[in-house]
Amino acid sequence: MTGRMFLQTPGPTNIPDDILSAMHRPAEDFSTPEFIATMTAMFSELKDLFATIGEVFAYIANGHGAWEASIVNLLSPGDHVLVPETGRFSVVWRDMIKAFGITAEEIPNDWRSAIDPQQVEDALRRDTERKIKAVLIVHVETGTGSVTDLRAIRAAIDAAGHPALLVVDAIASFGCHELKMDEMGVDCVIAASQKGLMMPIGLSFTAAGPKAMEVSEKCTANREYWSWKSRMALEMYRRFCGTAPMHMVWGLMRTMEKIREEGIDNIIARHARLGEAARRAVGVWSEGGAMEFNTIDPASRSNSITCIRTLGDTDPDAIRTIAREKFNVSLGGGLADLKGKAFRIGHMGEMNEPMLLGALGGVDITLKHMGVPHGDGALNAVSKYLAETA
Ligand SMILES: *Cc1c(COP(=O)(O)O)cnc(C)c1O
């Protein structure tokens, strides 16, 4: 095989060379004033990135670790929460919550649409005893490609006059879709390094606003490794509950520098434009009748990932295998209920026009090579759209 593999899985994502280079250095003594200053700067810059006056906690863990951290710091055994279903990830998060002796009320979903804010409002209004302590929302559901309107969810909670916390899994949206925590009234955000943040897997975050910090004080769940309180200690060693992942810290410092250089609003706009470009291709391919968008409402299709449902006897896993093995494009598969029924194109993090066109080109060649019926001119439509919107 020659040339590059185009990594279009919705996590992990492409790691820019300068971030890799920032990590390519020998280990050091973690107790030097220089490294302590770097860590101090990192936590302060993270607060800016999450747009909160609260606290940001970082863990040497994938997203599942940060999920657990959000649970044990905010919820006590016996609590009730509302977890509107979105797809695979809301279901796994909900099941994790149940393991902590917490009752999770659900709002069922067909895995083809975003959360309906009205249903959230209705569920909260029904909770006249105010038993629900938190509403847990997956922002971009990576399994289905839908994005939930967080401002509308906040408005729904307020309309019900309910005191529940708003906790958001932004693992697949952070750095891709707008998420200004304090301004948008989000109390806790969960993120991970390997998606929009363009980093290796292994660092995840919970950002806690003032209300979440207050709730965590009274939370009675047993915790130590994940504990926000013990991580708040001034001593930097405690910030990671042990030795800091120095190389990840250096990588993240470069990531945050890159984000500042491009500007977070420009990054969000870039994702919107490249996401739309990917959707243009899928729209044209769909004309052949062998596939369609998984997310039905165009307004709920995320800018991080597009999930494509195949129709009839078109095998999405065969498309993935041929795309990867023959044409050097790695795509995501259908998860859980969508297994064998869909494939997914990630377009988050380190991405520009020719990268996206290259990846979509690989898929286009795959469809032609396999004889999958598809509309013609997808790449031309993408190219035109990108030219017009530049
Ligand atoms: C990827 C992802 C997760 C899981 O993250 P891991 O790092 O694999 O543990 C959770 N939620 C969403 C929305 C995701 O995209």
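When a ligand or atom number is given, it counts from 1 through the structure's own listing order.
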Between [X] and [Y], does at least one N-O distance fall below 4.0 Å, as a salt bridge requires?
X	Y	value
Asp265	Lys180	yes
Lys368	Asp364	yes
Lys211	Glu214	no
Glu178	Arg151	yes
Glu105	Lys131	no
Arg270	Glu262	yes
Glu183	Arg154	no

Got the closest protein heavy atom to atom 9 (O) of ligand 1, with its distance?
His64 ND1, 2.5 Å
Considering non-hydrogen atoms of the protein only, which is the closest contact for atom 12 (C) of ligand 1, and what is the distance?
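Nearest neighbour among protein heavy atoms for atom 12 (C) of ligand 1, to 0.1 Å: Asp169 OD2, 3.4 Å.
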[X], portion touching ligand 1 at heavy-atom distance under 4.0 Å:
X	value
Asn62	both
Gln194	side chain
Lys195	side chain
Trp67	side chain

Show me which atoms of ligand 1 lie under 4.0 Å from any heavy atom of [X].
X	result
Val140	13 (C)
Thr142	12 (C), 13 (C), 14 (C), 15 (O)
Gly63	5 (O), 6 (P), 7 (O), 9 (O)

